[in-house]
Peer 1: 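The structure follows.
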Amino acid sequence: MKKMLKITGCIIFIIAVLIAVLLIYLANNPAAPNNYTETVKIGGELEAKYIAMGEHEVSYFESAAMMSFKKYEIFYPADISEMNRSLPVVVFVNGTGITGSKYQALQKHLASWGFITIATEEEYAWNGFSAEMSVRYLELLNEYKDKINGGDNVFYKKIDLDHIGITGHSQGGIGVINAITDQKHSDIYKAAVMLSSAKTVMSEALQWTSDPTLIKAPTMIIGSTGNTDEQIAPLESLQKLYNDIPNNVTKVMARRNDADHGQMLYYADGYVTAWFMYYLNGDTEAGNAFFGENAEILSNANLQDIKKNH
């Protein structure tokens with residue numbers, strides 16, 4: 001018994017050191033370069049199409065939030081007031097040390113494609129609660145007619161609450177699982193993406209619990225073959241996560257062979273955008289990246305360990 005406790009203690013200590021090193025690194029480096037859409041290596045025509053900026057100019061709105069969220073950060077198409085329809089949403093769940101303000105380039109990119117995106121400054125997002133509160137805030141904005149922050153509420157009746165997706169990187173991947181399985185609005189999500197995240201010894205030792213067997217939303221899992229990901233999100237853990245998701249749920253898994261853990265926040269963004277365009281915006285062309293015998297991901301030289309059930 002003492003030996004087991006000693007081993008467990010050593011594992012937790014090693015994990016704590018790894019996290020501390022990761023936090024120091026992340027605190028001193030940008031999470032997503034502003035020009036990543038022009039520099040990430042592309043392996044297919046559809047990936048190239050959807051990693052490029054969309055047709056919309058982008059605007060930004062933020063509002064203070066209580067608790068550790070600090071604020072809600074929303075990016076949206078600048079011409080939203082001219083549209084005669086509501087817009088789909090993507091909720092971001094933060095990784096360790098990666099608050100919403102550190103990856104605004106990702107949100108701008110999705111907003112340029114016609115999405116409303118929302119993120120917070122939450123640093124412990126594994127339980128999915130920041131995502132839950134983001135959805136609740138969007139519900140309020142969608143119904144609020146009066147002025148906000150001294151100006152008109154451009155979001156009034158413009159948020160499509162029937163088409164909400166969610167994405168999370170690293171710790172945020174665990175947050176995605178919990179948001180779509182364990183929170184009040186778990187059934188509201190129509191598509192999910194997890195980047196470099198899995199149920200590993202590290203997440204379990206930190207008691208970041210989750211149950212992927214409860215997932216109902218179509219889910220894409222992408223990791224990398226990099227040295228850090230071999231520790232945080234190794235192949236066997238990604239495969240277990242994929243296998244734990246019920247087979248009646250559409251699911252895709254792959255690993256980038258030209259990236260590591262931190263880069264996976266944005267290296268997969270071409271396919272992340274395509275995933276949400278297909279499920280939230282009805283873009284059938286985007287589906288060709290993932291589905292059928294000739295799915296583009298199957299021939300993308302930057303990907304390996306691909307699994308899919310459709």
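What you see is a predicted model; the values in this text were computed from it and never measured.
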Peer 1: Would you say the side-chain atoms of Asn243 and Lys307 include a donor-acceptor pair closer than 3.5 Å?
Peer 2: yes
Peer 1: Give the cluster check for Met83 versus Ile159: same hydrophobic cluster or not, with ILVMFWY residues linked at side-chain heavy-atom distances below 4.5 Å.
Peer 2: yes
Peer 1: Is there a donor in the side chain of Gln231 and an acceptor in the side chain of His261, or the other way round, less than 3.5 Å apart?
Peer 2: no
Peer 1: Are the side chains of Thr209 and Trp126 in touch, meaning some heavy atoms are under 4.5 Å apart?
Peer 2: yes
Peer 1: Hey, is the main chain of Ala254 close enough, under 3.5 Å, to the side chain of Asp305 for a donor-acceptor pair?
Peer 2: no
Peer 1: List in chain and number order the residues that pass side-chain contact (heavy atoms from CB on, under 4.5 Å) with Ala78, two or more places apart in sequence or in another chain; answer none if no residue qualifies.
Peer 2: Glu57, Ser59
Peer 1: In this structure, are over 12 heavy atoms from other groups packed under 6.0 Å from Lys70 atom NZ?
Peer 2: no
Peer 1: Between Thr117 and Leu106, is there a side-chain heavy-atom distance shorter than 4.5 Å?
Peer 2: no
Peer 1: Please check if any side-chain donor atom of Tyr137 sits under 3.5 Å from a side-chain acceptor atom of Ser63, or the reverse.
Peer 2: yes
Peer 1: Only counting residues at least two apart or in another chain, list the ones meeting salt bridge (Lys or Arg N to Asp or Glu O under 4.0 Å) with Lys71.
Peer 2: Glu62
Peer 1: State, with a plain yes or no, whether a side-chain heavy atom of Tyr76 is found less than 4.5 Å away from one of His56.
Peer 2: no
Peer 1: Using salt bridge (Lys or Arg N to Asp or Glu O under 4.0 Å) as the criterion, list what pairs up with Lys49, not counting sequence neighbours.
Peer 2: Glu285
Peer 1: How long is the straight-line distance from CG of Asn153 back to CG of Asp146, given to the nearest 0.5 Å?
Peer 2: 9.0 Å
Peer 1: Among all residues two or more places apart in sequence or in another chain, which pass the side chain to side chain donor-acceptor pair (under 3.5 Å) test with Ser224?
Peer 2: Asp229
Peer 1: Any donor and acceptor pair, going by atom type alone, linking the side chain of Ser237 with main-chain N or O of Ala233 inside 3.5 Å?
Peer 2: no
Peer 1: Is there a side-chain contact between Leu195 and Ile221 in this structure, where contact means two heavy atoms from C-beta onward sitting under 4.5 Å apart?
Peer 2: no
Peer 1: Can you name the residues that form a ring pair (Phe, Tyr, Trp, His ring centres under 6.0 Å) with Tyr242, not counting sequence neighbours?
Peer 2: none
Peer 1: Can you see whether Glu296 engages Asn288 through a side-chain donor-acceptor pair at a distance of less than 3.5 angstrom?
Peer 2: no
Peer 1: Check Arg136 with Glu143, please: is the shortest side-chain N to carboxylate O separation under 4.0 Å?
Peer 2: no
Peer 1: Going by distance alone, is a donor N or O of one side chain under 3.5 Å from an acceptor N or O of the other, for Asp283 and Tyr50?
Peer 2: yes
Peer 1: Please examine the side chains of Trp208 and Gln171, heavy atoms only from C-beta on, and report whether any two atoms are closer than 4.5 Å.
Peer 2: yes
Peer 1: Taking the side chain as every heavy atom from C-beta outward, state whether Met253 and Gln239 have any pair of such atoms under 4.5 Å apart.
Peer 2: yes
Peer 1: Exactly one of Tyr278, Tyr279, Tyr271 should register a ring-ring contact (aromatic ring centres under 6.0 Å, His included) with Trp275. Which one does?
Peer 2: Tyr279
Peer 1: Once rounded to the nearest 0.5 Å, what's the spacing between atom CG of Asn127 and atom OG of Ser210?
Peer 2: 11.0 Å
Peer 1: Would Phe61 and Phe155 count as a close aromatic pair, with their ring centres under 6.0 Å?
Peer 2: yes
Peer 1: Please check if the side chain of His109 supplies one atom and the backbone of Ala52 the other of a donor-acceptor pair under 3.5 Å.
Peer 2: yes
Peer 1: Backbone N or O of Glu121 within a donor-acceptor pair of the Lys102 side chain at under 3.5 Å?
Peer 2: no
Peer 1: Would you please classify the geometry between the Phe291 ring and the His310 ring as parallel, tilted or perpendicular, with 30° and 60° separating the classes?
Peer 2: perpendicular
Peer 1: How many angstroms lie between CZ in Phe69 and CE in Met66, if you round to the nearest 0.5 Å?
Peer 2: 10.5 Å
Peer 1: Which value, rounded to the nearest 0.5 Å, describes the distance between Lys240 atom NZ and Leu238 atom CG?
Peer 2: 12.0 Å
Peer 1: Should Leu214 and Tyr189 be regarded as members of a common hydrophobic cluster, given that ILVMFWY residues are connected when their side-chain heavy atoms come within less than 4.5 Å of each other, either directly or indirectly?
Peer 2: no
Peer 1: Rounded to the nearest 0.5 Å, what separation is found between the OG1 atom of Thr225 and the CG atom of Asp260?
Peer 2: 8.0 Å
Peer 1: Near Asn35 CG, under 6.0 Å, is it more than 12 heavy atoms from other residues, nucleotides or ligands?
Peer 2: yes
Peer 1: Got a donor-acceptor contact below 3.5 angstrom from the Lys190 side chain to the Ile188 backbone?
Peer 2: yes
Peer 1: So which of Val176, Leu110, Ile118 actually passes side chain to side chain contact (heavy atoms under 4.5 Å, CB included) with Phe92?
Peer 2: Leu110
Peer 1: Just to verify, which of Thr120, Ile116, Ile166 counts as forming a side chain to side chain contact (heavy atoms under 4.5 Å, CB included) with Val91?
Peer 2: Ile166
Peer 1: For the pair Asp258 and Lys41, find out whether any cationic side-chain nitrogen is under 4.0 Å from an anionic carboxylate oxygen.
Peer 2: no
Peer 1: Using a 4.5 Å cut-off on heavy atoms from C-beta on, say whether the side chain of Leu141 contacts that of Tyr156.
Peer 2: no
Peer 1: Give the intermediate values and the outcome of side chain to side chain donor-acceptor pair (under 3.5 Å) for residues Glu47 and Asn300.
Peer 2: CA-CA 9 Å; Glu47 184 182 20; Asn300 189 321; 2.9 Å; yes
Peer 1: When you look at CD of Glu45, are more than 12 heavy atoms from neighbouring residues, nucleotides or ligands closer to it than 6.0 Å?
Peer 2: no
Peer 1: With sequence neighbours left out, what residues match Asp182 under salt bridge (Lys or Arg N to Asp or Glu O under 4.0 Å)?
Peer 2: none
Peer 1: Please lay out, stage by stage, how Asn248 and Lys216 fare under the test side chain to side chain donor-acceptor pair (under 3.5 Å).
Peer 2: CA-CA 8 Å; Asn248 63 342; Lys216 299 176 183 177; over 6 Å; no
Peer 1: Using every non-hydrogen atom in the two residues, find where Lys108 and Met53 come nearest and quote the distance to one decimal.
Peer 2: O-CE, 4.0 Å
Peer 1: Which atom names give the shortest non-hydrogen contact between Asn257 and Leu303, and what distance separates them?
Peer 2: ND2-N, 4.0 Å
Peer 1: Counting C-beta onward and ignoring hydrogens, is there a side-chain heavy-atom pair between Met133 and Tyr72 closer than 4.5 Å?
Peer 2: yes
